[in-house]
*Asks:* 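First the structure, then my questions, so here it is.
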Protein chains: 2
Amino acid sequence: MADVAAAAGVSAMTVSRALRRPDSVSAEVRARVEEASRRLGFVPSRVASALASARTMTVAVLIPSLTNAVFIDLLAGVQETLSPQGYQPMIGLTGYGPEEEERVLRMQLSHDPDGVILTGLDHTPGTWDLLRGLTVPVVHTMDLSVEGDLAAEGQDGGCGVQAVGFSQFDAGYAIGAHLAERGRRRIGLIAGQLDPRTRQRCDGWRQALRDAGRHDPALELMVPDATSVALGAELLERALAAHPDTDALFLCNDDLAQGALFQCARLGIPVPDRLAVAGFNDLAGSAWTLPPLTTVATPRRAIGVEAARLLIAGMEDRGPGRENPRRVDLGFRLMIRETT
Amino acid sequence: MADVAAAAGVSAMTVSRALRRPDSVSAEVRARVEEASRRLGFVPSRVASALASARTMTVAVLIPSLTNAVFIDLLAGVQETLSPQGYQPMIGLTGYGPEEEERVLRMQLSHDPDGVILTGLDHTPGTWDLLRGLTVPVVHTMDLSVEGDLAAEGQDGGCGVQAVGFSQFDAGYAIGAHLAERGRRRIGLIAGQLDPRTRQRCDGWRQALRDAGRHDPALELMVPDATSVALGAELLERALAAHPDTDALFLCNDDLAQGALFQCARLGIPVPDRLAVAGFNDLAGSAWTLPPLTTVATPRRAIGVEAARLLIAGMEDRGPGRENPRRVDLGFRLMIRETT
DNA sequence: CTGTTAGCGCATTCAT
DNA sequence: ATGAATGCGCTAACAG
């Protein structure tokens, strides 16, 4: 920067200003600085800038995994919103574990991010401690649960928690109610990857069936494994073997549902005539299965975009306190297609 | 750090040492420092560390997009390898455009990464310039093409280029040869997302058909759009409408192939009896389609892991020059299933 | 094995 | 609108 300053015949400070806020210097000086800067191939050091200004222009983004398309979409929304503003997302992978999340968060915080985006509201007390100690904005995503909510408020010491997402419970309820409305009587559940959000969906589904007077716990098949097409195929077979009279199934993620659909075709089980099938998330391809899959479309990308927006708002205004607690519900859409 | 030093009764320098290389201080001092550090909740500032030591512990990772599972897998391999070593990947999205790649790279470089991982070998001259000017290791991935290779060597001024991947051309050739061996005579091609790697696959396929004396350019359907299940379904219909006698199809990515398979089922076209179908990449679900999809399994994750390993090797030894140019071919596997 | 000195490259704060 | 002085928090280099 000193070299550029010398070349432009100004002080280093003026170079710094000219490059960051061009209209804070005279037009003539600006031109000279820009020319010199370009000619010398000057690239400002963000590290030095960060140390001097206490702004790293990075944002910590913690998600459970890269193998679930849901979080990729979330990430894409975050990235496309932060990047144009000059912020660099730093990905942290928690592997669905609150303890690992705390560990990863600790690592990320050592980079002094200007903001933090987390998945879910289920964090360790240690994580809540860390978050409470931060002076930068924090946004939680994907989860808006009432229980988690209250717990969060409590944990966060009444300081308020920003969250963007939708009600997993309500979405699960919607699917359950839809299946019941279709006149199905033996409605089963297949779930994998039992994180809190999956559980809430299942809770919603269960409540809907109870409200319809058709809940049978025996028809619930829940396993801890990561969801996949292969697992869906396998679990469908297991579920039907155990309860051949099942006439509808809710699978907690579309990859499971797609696998189940393939397996139905293989086994010659007519869908939806003999078995109705519903998925969750409306993942790629779900509109094209045979028959097209009934599912719940979730606004993952939009959640990422909105979370990033809130964060930017909080990072821009360098006001004294943290901004107002806030909750953004982006809803969901029941996609009734042909498997139900 | 000064506070920790005071609490432990040592100098700040000793705290720094005790925390970074515990065995460089006496056991007693180490214990005192660790205790004080923990008690005060000290988290070293990486920004300051970076400025003082000229090592940011970050790595720039440039990929075309987050919507193609191939690059997610690559990214996962990179992340799982870098993260345990304390390196933080910084994702940059190029949108498949060399110009955008250069722009993004410039941004990333302002963060002073300790290493750079890129996708492909097709970069702008400006990008090559930037890379040549770096003193940190650079690894290119996914592409090992001879042409790109030579170009790269030229561009890089004989300095040598590190690349990890497989031969897209050979993989395409393998699929073409397989289809020909199966006795198919009217073998078509459907391709989207026409980046250099896709083109090389197509080139390989084309060469195989020529070698078999069965290449008909009329059966090639290439569109610039991003690949997807929906696009596969649509293009299958278009291809068959234009050339009803087609008896085999290579689709340049599995999502296209899965869509094509769905559409065949809808149109009542027996696979493989009337039409053989082959995909590429062996994406999730391809082993479960009806019938299971013949495709080429590509080592995306392994490429990410190996690229990160090479990078780490280069970053650890702070030797004078860049390490030896090197090329790592991780190969591919033809997965013959039932669609051919 | 430990401490001292100096400086990484900027931006904040104040002065002009 | 521009410049000078100062320090961000840590580590390299050297001394002891």
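Numbered from 1 within each chain, the chains take letters A, B, ... in sequence-line order. Treat the numbers as computed from the prediction; the structure is a model and nothing was measured. Side chains are part of it too, since the values below use all heavy atoms of this structure and drop only hydrogens, waters and symmetry mates.
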*Asks:* How would you list all residue pairs meeting salt bridge (Lys or Arg N to Asp or Glu O under 4.0 Å) that involve residues 13-28 of chain B, not counting sequence neighbours?
*Replies:* Glu28(B)-Arg32(B)
*Asks:* Tell me, please, which residues at least two apart from Arg30(B) pass side chain to side chain contact (heavy atoms under 4.5 Å, CB included).
*Replies:* Pro22(B), Val25(B), Ala27(B), Glu34(B)
*Asks:* Quick one: salt bridge (Lys or Arg N to Asp or Glu O under 4.0 Å) pairs with a partner in residues 40-54 of chain A, sequence neighbours left out?
*Replies:*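 Those involving residues 40-54 of chain A do not exist here.
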*Asks:* When you compare the protein's N or O atoms with those of nucleotides 6-8 of chain D, which come within less than 3.5 Å of each other, and at what distance?
*Replies:*
| unit_1 | atom_1 | unit_2 | atom_2 | d |
| --- | --- | --- | --- | --- |
| dC8(D) | O2 | Leu51(A) | O | 3.4 |
| dC8(D) | O2 | Ala52(A) | N | 3.4 |

*Asks:* Output every pair passing salt bridge (Lys or Arg N to Asp or Glu O under 4.0 Å) with a member in residues 87-104 of chain B, not counting sequence neighbours, ordered by first then second residue.
*Replies:* Glu100(B)-Arg103(B), Glu102(B)-Arg106(B)
*Asks:* Could you tell me which residues satisfy side chain to side chain contact (heavy atoms under 4.5 Å, CB included) with Leu51(B), sequence neighbours excluded, listed by chain and number?
*Replies:*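 Partners of Leu51(B) by the side chain to side chain contact (heavy atoms under 4.5 Å, CB included) criterion, ordered by chain and then number, come out as Val47(A), Ala48(A), Leu51(A).
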*Asks:* For Leu19(A), give me all partners under side chain to side chain contact (heavy atoms under 4.5 Å, CB included), at least two apart in sequence or on another chain.
*Replies:* Val15(A), Val33(A), Ser37(A), Phe42(A)
*Asks:* Should the pair His140(A) and His123(A) be assigned to parallel (<30°), tilted (30 to 60°) or perpendicular (>60°) ring geometry?
*Replies:*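 Plane angle between 30° and 60°, so tilted.
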*Asks:* Which pairs, with at least one residue in residues 68-84 of chain B and sequence neighbours excluded, count as a salt bridge (Lys or Arg N to Asp or Glu O under 4.0 Å)?
*Replies:* Asp73(B)-Arg300(B), Glu80(B)-Arg301(B)
*Asks:* Of the residues in residues 16-35 of chain A, which ones touch DNA chain C at a heavy-atom distance under 4.0 Å?
*Replies:*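 Under 4.0 Å from DNA chain C: Ser16(A), Arg20(A).
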*Asks:* Quick one: how far along DNA chain C does chain B reach, first to last nucleotide 5' to 3', anything under 4.0 Å to a heavy atom?
*Replies:* dC1(C) to dG9(C)
*Asks:* If I compare all heavy atoms of Pro113(B) with all of Gln108(B), which pair ends up nearest, and what's the gap?
*Replies:* CD-O, 3.3 Å
*Asks:* Could you state the atom-to-atom distance from CE of Met1(B) to P of dA12(D) in whole Å?
*Replies:* 11 Å
*Asks:* Would you mind classifying the nucleic acid contact of Met13(A) as base, sugar-phosphate or nothing, using non-hydrogen atoms under 4.0 angstrom?
*Replies:* base
*Asks:* Please identify each residue that fulfils side chain to side chain contact (heavy atoms under 4.5 Å, CB included) with Pro299(B), with sequence neighbours left out.
*Replies:*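 So Pro299(B) forms a side chain to side chain contact (heavy atoms under 4.5 Å, CB included) with Phe166(B), Ala302(B), Ile303(B), Leu330(B).
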*Asks:* Which comes earlier along DNA chain C counting from the 5' end, the contact point of Thr14(B) or that of Ala50(A), where each point is its nearest nucleotide?
*Replies:* Thr14(B)
*Asks:* I need the minimum non-hydrogen distance between Gln88(B) and His111(A), along with the two atoms involved.
*Replies:* CB-NE2, 3.9 Å
*Asks:* Which atom names give the shortest non-hydrogen contact between Thr127(B) and Pro98(B), and what distance separates them?
*Replies:*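 Where Thr127(B) meets Pro98(B) most closely, the heavy atoms are OG1-O, 4.3 Å.
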*Asks:* Could you identify which residues of residues 4-11 of chain A place a heavy atom less than 4.0 Å from some atom of DNA chain D, listed by residue number, or say none?
*Replies:*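 Going residue by residue through residues 4-11 of chain A, the ones with a heavy atom under 4.0 Å of DNA chain D turn out to be Val10(A), Ser11(A).
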*Asks:* Show the nearest heavy-atom pair for residues Asp122(A) and Thr119(A), with the distance to one decimal.
*Replies:*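 Distance-wise, the nearest heavy atoms are OD1-O, 4.3 Å.
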